[in-house]
Amino acid sequence: MCGIVGYIGNKNAYSVLLNGLKRLEYRGYDSAGISLLDQNIKVYKKKGKVSDLEAFVADRDISGKIGIGHTRWATHGEPSDINAHPHVSMNGHFVIIHNGIIENYGVLKKKLADRGYTFASETDTEVLVNLIEYIYIRGKVTAEIAVRLALTKVVGAYGILVMCNNEPDKIIAARKGSPLVIGIGSDEYFLASDATPIVEYTKSVVYLNNDDVAIVRKDELILKTIDNNKLVPKVQQLDLDLEEIEKSGFDHFMLKEIFEQPRSIQDTFRGRITSDFTDIRLGGLYNVMDRLVDARRIIIIGCGTSWHAGLLGEYILEDLARIQVEVEYASEFRYRNPLINADDVIIAISQSGETADTLAAIQMAKTAGSLVLGICNVVGSSIPRETNAGVYTHAGPEIGVASTKAFTAQVTVLSMIAMILGHMRGYLSDEKYVRLITELHDIPQKIERILSLNDEFKQIASLYKNANNFLYLGRGYFFPVALEGALKLKEISYIHAEGYPAAEMKHGPIALIDKNMPVVVIAAKDKSYEKIVNNIQEIKARNGIVIAVVTEGDKIIRDLADHVLEIPHADEVLASLLAVVPLQLLSYHIAVMRGCNVDQPRNLAKSVTVE
Ligand code: G6P
């Protein structure tokens, strides 16, 4: 969700904020705004992209060495100039930017309205800034006390930065639910909702915990709890390089991230597969391995693409380790009164480590006494800190809103967990264990081969860029791949696409098939190969267009299908890591040809910190 950035120091704040907003734009892009505090509070905000804000500010006063900036993913109130952040309190004393949702804003708004407050926007955030100001004026307290007291009245989630015109030497930051990180420079501090705007200035950071409040001056960082107990800031070093968050010559982050997969998958297993390929060691699970091996049931939770990785995890874990696995959408799990046992193991999967529904589901599972593990990409994010143990995917920063390399890294981690458990539980022989490890090790070079066919995929994309609907079919391990392929296409090209288990086609989707319907069939060689060939025949019998993902050298399907996308052979347990790559590229090219903004598709956000 929304991106937050703040600066206090000796530089011109505007340039730091603008640069930061550009780096954060993947978190939300409905509107953008900044506030600079000099002698008084200046606010510039605009519906649209950061570039619209930049144009708007071009000939205005940008002086000031302290400021805050925001890029918004709308929750309360449509995207508009007025609803854009920052929001200023009615009497002009406070300015705020906010990521999250104030759930009781209606009640608070009414109380403030009864006391004479009026509101310019429809946002929950403007209610909060007015509440802070009301307490400040009525209580004759400092800005810090006003912020802390106001937050005790708030129900909901927030990451906020606040400035006060009467105290122009500080930014006050607070978090509950929505992430905040503070970068430490020399006589300067950088504040942000994630580390991407900070990394070019400093690698020393402090992550705020829930209910932390930070009072940040250019030469001092004070950290407290919301009820005024002082805390010692825990300084950590960022493991992130600037090149990792830049496009490095690619047209889009998404394309760069698709092409990074040979490296990112390698980074995921590097140091974990032993050099002789005989074992896998996941240090993050070392202390909980006994409980994991003895688990009666594993429940995997996630959202979006991470849920698709979880579904693959179910297939792989049940196949290799013979453990009962259930996969749940975090948003359903948390609200449907699920049965959770103390001897269940919960695995939460999340690229960002910040997804609100996944975090809430984790809390539920912890309350039930289960062991909760995380598979996350963003180091130091909330989920790894809330879980008992876990495995980082180490895919590197993923900036494109549509997830690609994070997905393959998640599947890599799940495969490694399944292999270890299968081996330890006696279902995987030494021989098969070593063979699968060796196969996993070979996956990156096989993906290189697929990437070298990019021009072919682009050519096929050009033929179907104007289709209105797509169907994606797969069986077994390739069913989750079909879901992920369909999701990729719809999120970035806005073409309606559905993923289905191939055999289910007969129970509905077959009615949609005609000469205009491209059907992407994931039909690489596996144990249901013959069955999927039959499904392809059924589609062709109804004049459907078949684009098939096949194993290199497949002649049968080449003769049947309209187009084939070839992938190298791999054991079916790991072949999904290959099969998804042509689908990512197909979606990417179609979206580019349709003139869509692939890195920032409409209405979506990279990190969904509201439920
Ligand atoms: C958003 C993103 C998706 C992502 C999902 C879950 O919808 O656009 O790419 O799969 O959130 O996010 P997570 O960070 O928990 O994996």
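Index from 1, following the sequence. Counting starts at 1 for both ligands and their atoms, following the listed order.
The aromatic ring centres of Tyr472 and Tyr500 sit 6.0 Å or more apart. Here the two rings, on Tyr588 and His252, have centers that are under 6.0 Å apart.
Side chain of Asn388 to backbone of Val372: a donor-acceptor contact under 3.5 angstrom is found.
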Pick out the protein N or O atoms lying less than 3.5 Å from any N or O of ligand 1, and list each pair with its distance.
residue, atom, partner, partner atom, Å
ligand 1, 8 (O), Ala605, O, 3.0
ligand 1, 9 (O), Val401, O, 3.2
ligand 1, 10 (O), Thr305, N, 3.0
ligand 1, 12 (O), Thr355, OG1, 3.4
ligand 1, 14 (O), Ser350, OG, 3.3
ligand 1, 14 (O), Gln351, N, 3.4
ligand 1, 14 (O), Ser352, N, 2.7
ligand 1, 14 (O), Ser352, OG, 2.6
ligand 1, 14 (O), Thr355, OG1, 3.4
ligand 1, 15 (O), Ser350, OG, 2.6
ligand 1, 15 (O), Thr355, OG1, 2.4
ligand 1, 16 (O), Ser306, OG, 2.5
ligand 1, 16 (O), Gln351, N, 2.7

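The nearest pair of heavy atoms linking His85 to His87 is CD2-NE2, 3.6 Å.
The CG atom of Asp81 sits 12.0 Å away from atom OG of Ser121, with the distance rounded to the nearest 0.5 Å.
Evaluation of the side-chain hydrogen bond (donor to acceptor under 3.5 Å, both in side chains) rule for Ser576 yields no partner, not counting sequence neighbours.
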